[in-house]
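These figures come from a predicted structure and were not determined experimentally.
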Amino acid sequence: MKDKYESHSLIAFERSLTLGLEPKLNYKKAITGVLTQNLSNLCQNELVPFLLQRFGNGYWGQQCLNIAPQTFMILQHSGIDCELVYGEVSINGTDEFDTDYDELVKELVNPGNAGFAIHVWIQIGKDFIIDPTVAARINKYYSEQFPPHQIVLGKSKKLLKDLKLDYKPMLAGAKYVTRTCSIPLEYNREAV
């Protein structure tokens with residue numbers, strides 16, 4: 001039986017294909033303990049220092065459209081098969097961005113004509129999430145003890161259980177950022 005995140009992710013994938021975003025998600029990719037540990041080490045020991053150097057130690061909670069694509073490109077360059085996902089995240093039951101699918105599509109069709117609410121994260125396999133900016137929101141609005149400059153990662157069920165993070169994917173594919181923000185992103189054909 002599919003969980004809620006996986007079901008929403010599959011719908012987002014299909015919608016994205018219809019919109020010509022050509023998402024590349026491998027839902028059969030096994031997420032092992034070794035892969036999880038390697039990703040955690042990469043994120044905390046290499047990605048966080050790079051992102052701090054690139055974006056500074058200010059508030060990242062509104063920077064997901066800048067920081068997530070950078071994270072995506074580093075993961076791709078490192079040979080990790082992943083995809084950008086766009087939608088909403090709820091923390092403790094509160095929607096953080098009020099993201100709306102129709103608004104995401106309007107921005108895709110007519111970029112730059114209106115502000116739009118969005119949250120961006122990276123997905124591996126059917127339900128493994130890497131979110132480089134949500135920690136800042138947790139720190140600012142929910143728990144000052146939570147380190148603001150860390151990359152939150154894990155399976156969707158574990159993030160919901162442990163951190164009360166409920167991700168709601170609406171669209172997927174690096175082409176969304178390319179078409180709406182003119183940020184060219186490429187996939188590593190050798191990523192596994």
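- Put simply, the side chain of V48 does not reach to within 4.5 Å of the side chain of C43, judged on heavy atoms.
- Cluster annotation: L65 and V109 are assigned to the same hydrophobic cluster (Ile/Leu/Val/Met/Phe/Trp/Tyr, side-chain heavy-atom contacts under 4.5 Å, transitive).
- For the pair F72/C82, a side-chain contact is recorded, criterion being any heavy-atom separation below 4.5 Å from C-beta on.
- Hydrophobic cluster membership is shared by L185 and L171, with clusters built from Ile, Leu, Val, Met, Phe, Trp and Tyr side chains linked at under 4.5 angstrom.
- Taking the six-membered ring where the residue is Trp, W121 and Y5 present tilted rings, their angle falling between 30° and 60°.
- Pairing each heavy atom of I118 with each of C64, the nearest pair is O-SG, 3.8 Å.
- Under a hydrophobic-cluster definition in which Ile, Leu, Val, Met, Phe, Trp and Tyr are linked whenever side-chain heavy atoms come within less than 4.5 Å, directly or via other members, M73 and L42 are assigned to the same cluster.
- Looking at residues two or more places apart in sequence or on another chain, you find a side-chain contact (heavy atoms from CB on, under 4.5 Å) between E88 and D95, E96, F97, T99, K168, M170.
- In this structure, CG in N66 is found 8.0 Å from CZ in R54, a value given to the nearest 0.5 Å.
- The side-chain hydrogen bond (donor to acceptor under 3.5 Å, both in side chains) search around K158 returns D162, not counting sequence neighbours.
- The shortest heavy-atom contact between A172 and P23 is O-CB, 3.6 Å.
- Between the OG1 atom of T36 and the CG atom of L153 there is a distance of 7.5 Å, given to the nearest 0.5 Å.
- In this structure, the side chains of W60 and L51 come closer than 4.5 Å at one or more pairs of heavy atoms.
- The CD1 atom of I122 sits 10.5 Å away from the CD1 atom of I80 when rounded to the nearest 0.5 Å.
- L159 places none of its side-chain heavy atoms less than 4.5 Å from the side chain of D166.
- A single hydrophobic cluster is not seen to contain both I67 and I129; linkage of ILVMFWY side chains at heavy-atom distances under 4.5 Å, directly or through other members, places them apart.
- Listed by first and then second residue, the side chain to side chain donor-acceptor pair (under 3.5 Å) pairs that reach into residues 19-34 are S9-Y27, E22-K175, sequence neighbours excluded.
- Remark: side-chain polar atoms of Q150 are paired, donor with acceptor, to backbone N or O of P147 under 3.5 angstrom.
- Between the OG atom of S16 and the CG atom of L84 there is a distance of 11.0 Å, given to the nearest 0.5 Å.
- Within the 4.5 Å cutoff, no side-chain heavy atoms of V120 are placed close to those of D131.
- Summarising the geometry, atom OG1 belonging to T133 is positioned 10.0 Å from atom CD1 belonging to I151; distances are rounded to the nearest 0.5 Å.
- Residues satisfying the side-chain hydrogen bond (donor to acceptor under 3.5 Å, both in side chains) criterion with D81, sequence neighbours excluded, are absent altogether.
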| Would H119 and Y86 count as a side-chain contact (heavy atoms from CB on, under 4.5 Å) if you check the C-alpha gap in whole Å, the side-chain angles of each, and the deciding distance to 0.1 Å? | CA-CA 6 Å; H119 186 57; Y86 314 89; over 6 Å; no
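- Of all the heavy atoms in A136 and G61, the pair that sits closest is CB-N, 3.5 Å.
- Between L104 and L108, every side-chain heavy-atom pair lies at or beyond the 4.5 Å cut-off.
- Using a 4.5 Å heavy-atom cutoff, the side chains of H149 and N57 are in contact.
- Contact annotation: the side chain of L165 approaches that of V134 to within less than 4.5 Å [non-hydrogen atoms, C-beta and beyond].
- In this structure, V177 is a member of the same hydrophobic cluster as I130, with clusters built from ILVMFWY side-chain heavy atoms closer than 4.5 Å.
- To the nearest 0.5 Å, atoms NZ (K155) and NZ (K161) are separated by 14.0 Å.
- Among pairs with a residue in residues 38-51, those fulfilling side chain to side chain donor-acceptor pair (under 3.5 Å) read Q37-N41, at least two apart in sequence or across chains.
- Relative to the six-membered ring of Y142, R137 misses at least one condition, a distance below 6.0 Å or an angle of at most 45° to the axis.
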| After noting the C-alpha distance and the side-chain angles of Y167 and L160, does the key distance pass the side-chain contact (heavy atoms from CB on, under 4.5 Å) rule? | CA-CA 8 Å; Y167 286 85; L160 179 59; over 6 Å; no
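- Applying the side chain to side chain donor-acceptor pair (under 3.5 Å) test to every pair with at least one member in residues 176-191, sequence neighbours left out, gives these pairs: E83-Y187.
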